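Below is one structure, written out as structure tokens, with a few remarks after it.
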Amino acid sequence: MAATAAHVNTGMPTRALVAVVFLLGLISLSCAARLPLSKQKFEVQKHLKRLNKPAVKTIKSSDGDLIDCVHISHQPAFDHPFLKNHTIQMRPNYHPEGLYDESKVSTKPGQRTNPITQLWHVNGKCPEGTIPIRRTKQDDILRASSVKRYGRKKHRTIPLPRSADPDLINESGHQHAIAYVEGDKYYGAKATINVWEPKIQQPNEFSLSQLWILGGSFGEDLNSIEAGWQVSPDLYGDNNTRLFTYWTSDAYQATGCYNLLCSGFIQINSEIAMGASISPVSGYRNSQYDISILVWKDPKEGNWWMQFGNDYVLGYWPSFLFSYLGDSASMIEWGGEVVNSEPDGQHTSTQMGSGHFPEEGFSKSSYFRNIQIVDSSNNLKAPKGIGTFTEQSNCYDVQTGSNGDWGHYFYYGGPGRNANCP
């Protein structure tokens, strides 16, 4: 058509006509290319509207985060059909017994740690009756493999201590260094976790340190509640260390998410934002910082509560979200996890914990201390029969111990790729 058009006498110079036809071709091409893009843009905008609730006040954090103070009854949890007429439980009926005993324990001067806060606190706080929510940006969603997968872990990311089959070691691309207990009914877990800022090699990898509360088999019906700190460039767009939670009731398939990125967790606290940066972090042979996390099942209502530090009860996961955890957990895990995408066919150099092996000890290696479980009588107890697990101890390792001050503890982590971990 363009070739014949050039010979038609339209009174227009031939070169100009060819240019117009070429331009029209370009416009129609770009329209064709834009159709799926506009659909994607629509999906992204719809999801942003769903996640970012109207704010009473917005606080800008120095790391670029926007923290929206959202009325407590407008939070994402209440998009869930089962929570339409839910009465928010403003406090747990019971805390575990023995919770405040450990604060009476004196810490040796050489092993003193410091209080920790969130970066956005410097610039303001949320009013009573609201909760702080980290605003999701368009770029956050665009980094995900799809709008649907945004804010979700990949399938098969649970450390399975009994499956250290060499052929399965990097099947899911996830590696762990953990301590665990199993063989009983557990109603919660607690730990004080050393906070670092591990280096991540590839943007699609992450490094985290957390506790897992697990119920069910390790098949398609696994229930998990998780909390700790993570560095995840894919999820947050930077390399900051951030407080996070996660839940799933079907082994990471269709249910659950990080933080408040879906309906589920009901937050009641106006001071701590899920997914916000933790500050300051520990330094090698320098000041050490740690955070205390407790998750427990309220014996009366059956909801799973989370507390951060000694002062902040953050909120709860309603028990109806789960099947097995509706009753109790069958396994508790504490420790580190990284994604090893094997860039260039070699092991990743993404660090776990401080990036140093356990044998280096305090102020060099990362630790979990005062690890405890909650028993059927709602008592915090020392865990019995602690096991350890790591897929490749030359890459990341774990070493347990116990003493009067730290109770049961372990050092964990490592540098990833090194001479013994090619």
Side-chain angles (χ1 to χ4, degrees), residues 61-63 65 102-103 105-122 176-179 190-201 205-211 226-233 236 238-244 272-273 275-294 308-312 334-338 349-371 390 395-401 403 405-416 418:
S61 176
S62 58
D63 59 1
D65 277 1
E102 81 168 57
S103 54
V105 174
S106 64
T107 303
K108 294 186 187 103
Q111 295 192 337
R112 192 147 289 154
T113 52
N114 303 288
I116 210 158
T117 182
Q118 291 192 304
L119 209 47
W120 65 275
H121 289 169
V122 176
H176 309 86
I178 62 156
K190 184 173 189 289
T192 298
I193 312 172
N194 199 192
V195 178
W196 293 81
E197 194 174 270
K199 302 243 179 319
I200 312 295
Q201 186 183 338
E205 297 179 333
F206 65 60
S207 182
L208 57 75
S209 297
Q210 65 169 67
L211 54 82
E226 307 168 27
W229 60 259
Q230 67 181 161
V231 176
S232 177
Y236 303 105
D238 61 25
N239 284 61
N240 291 356
T241 302
R242 294 168 177 275
L243 174 71
F244 83 95
I272 300 294
S277 299
I278 297 171
S279 175
V281 296
S282 305
Y284 187 74
R285 288 186 170 161
N286 212 321
S287 298
Q288 296 302 295
Y289 296 89
D290 54 28
I291 57 173
S292 181
I293 287 177
L294 164 67
F308 175 74
N310 284 332
D311 306 314
Y312 305 110
W334 300 264
E337 175 183 358
V338 299
S349 60
T350 286
Q351 298 174 330
M352 183 191 290
S354 68
H356 292 261
F357 284 115
E359 50 268 27
E360 292 198 42
F362 187 76
S363 88
K364 303 178 194 76
S365 178
S366 188
Y367 60 80
F368 277 61
R369 65 178 172 89
N370 301 102
I371 65 173
T390 177
C395 310
Y396 312 104
D397 205 3
V398 55
Q399 284 180 9
T400 58
N403 65 33
D405 285 345
W406 280 24
H408 287 276
Y409 68 87
F410 61 89
Y411 286 98
Y412 71 101
N418 64 75

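Side chains are part of it too, since the values below use all heavy atoms of this structure and drop only hydrogens, waters and symmetry mates. Note that the structure is a prediction, hence the values are computed from the model and not measured.
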- Query: What pairs with Y236 under ring pair (Phe, Tyr, Trp, His ring centres under 6.0 Å), at least two apart in sequence or on another chain?
  - Reply: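 Counting only residues at least two positions away or on another chain, Y236 forms no ring pair (Phe, Tyr, Trp, His ring centres under 6.0 Å).
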- Item | Test ring pair (Phe, Tyr, Trp, His ring centres under 6.0 Å) applied to H408 - qualifying residues, sequence neighbours left out |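 H408 satisfies ring pair (Phe, Tyr, Trp, His ring centres under 6.0 Å) with no other residue.
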- Is the closest side-chain donor-acceptor distance between E359 and Q399 under 3.5 Å?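 A donor-acceptor contact under 3.5 Å links the two side chains.
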- Just by distance, with hydrogens left out, do Q288 and S363 show a side-chain donor and acceptor under 3.5 Å apart? no
Identify the two heavy atoms, one from [X] and one from [Y], that lie closest to each other, and give their separation to 0.1 Å.
X	Y	result
S61	D63	OG-OD1, 2.8 Å
I178	G336	CG2-O, 4.1 Å
S366	W196	OG-CD1, 3.4 Å
Y396	Q351	CE2-C, 4.3 Å
G353	S207	N-OG, 4.2 Å
R242	D65	NH1-OD2, 2.8 Å

Heavy-atom donor-acceptor pair, [X] side chain to [Y] backbone, under 3.5 Å:
X	Y	value
S232	F206	no
S354	K364	yes
S209	W229	no
E337	L208	no
D397	C395	no
N403	D405	yes
W334	R369	no
E197	V281	no
S292	T192	no

Please round to the nearest 0.5 Å and tell me the distance separating atom [atom1] of [X] and atom [atom2] of [Y].
X	Y	atom1	atom2	value
T350	I200	OG1	CD1	5.0 Å
I371	L211	CD1	CG	10.0 Å
Q210	L243	CD	CG	11.5 Å
I291	Y312	CD1	OH	12.5 Å

- Query: Can you tell if the side chain of P358 reaches within under 4.5 Å of the side chain of Y367, non-hydrogen atoms only?
  - Reply: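 The answer is no; the side chains never approach within 4.5 Å.
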- Item | Sub-4.5 Å side-chain heavy-atom contact between Q118 and I272 |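 Contact flag for Q118/I272 side chains = yes.
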- Could you label the plane-to-plane angle of the W406 and Y411 rings as parallel, tilted or perpendicular, counting under 30° as parallel and over 60° as perpendicular? tilted
- Message: Below 30° counts as parallel, above 60° as perpendicular, anything between as tilted: where do the rings of F368 and Y412 land?
- Response: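 The arrangement is perpendicular - the two ring planes meet at more than 60°.
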- Query: Only one of L119, T117, T241 forms a side-chain contact (heavy atoms from CB on, under 4.5 Å) with S277, so which one is it?
  - Reply: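 Looking at L119, T117, T241, the match for S277 under the side-chain contact (heavy atoms from CB on, under 4.5 Å) is L119.
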- Query: With respect to M352, which candidate in T390, V398, V338 satisfies the side-chain contact (heavy atoms from CB on, under 4.5 Å) definition?
  - Reply: V338
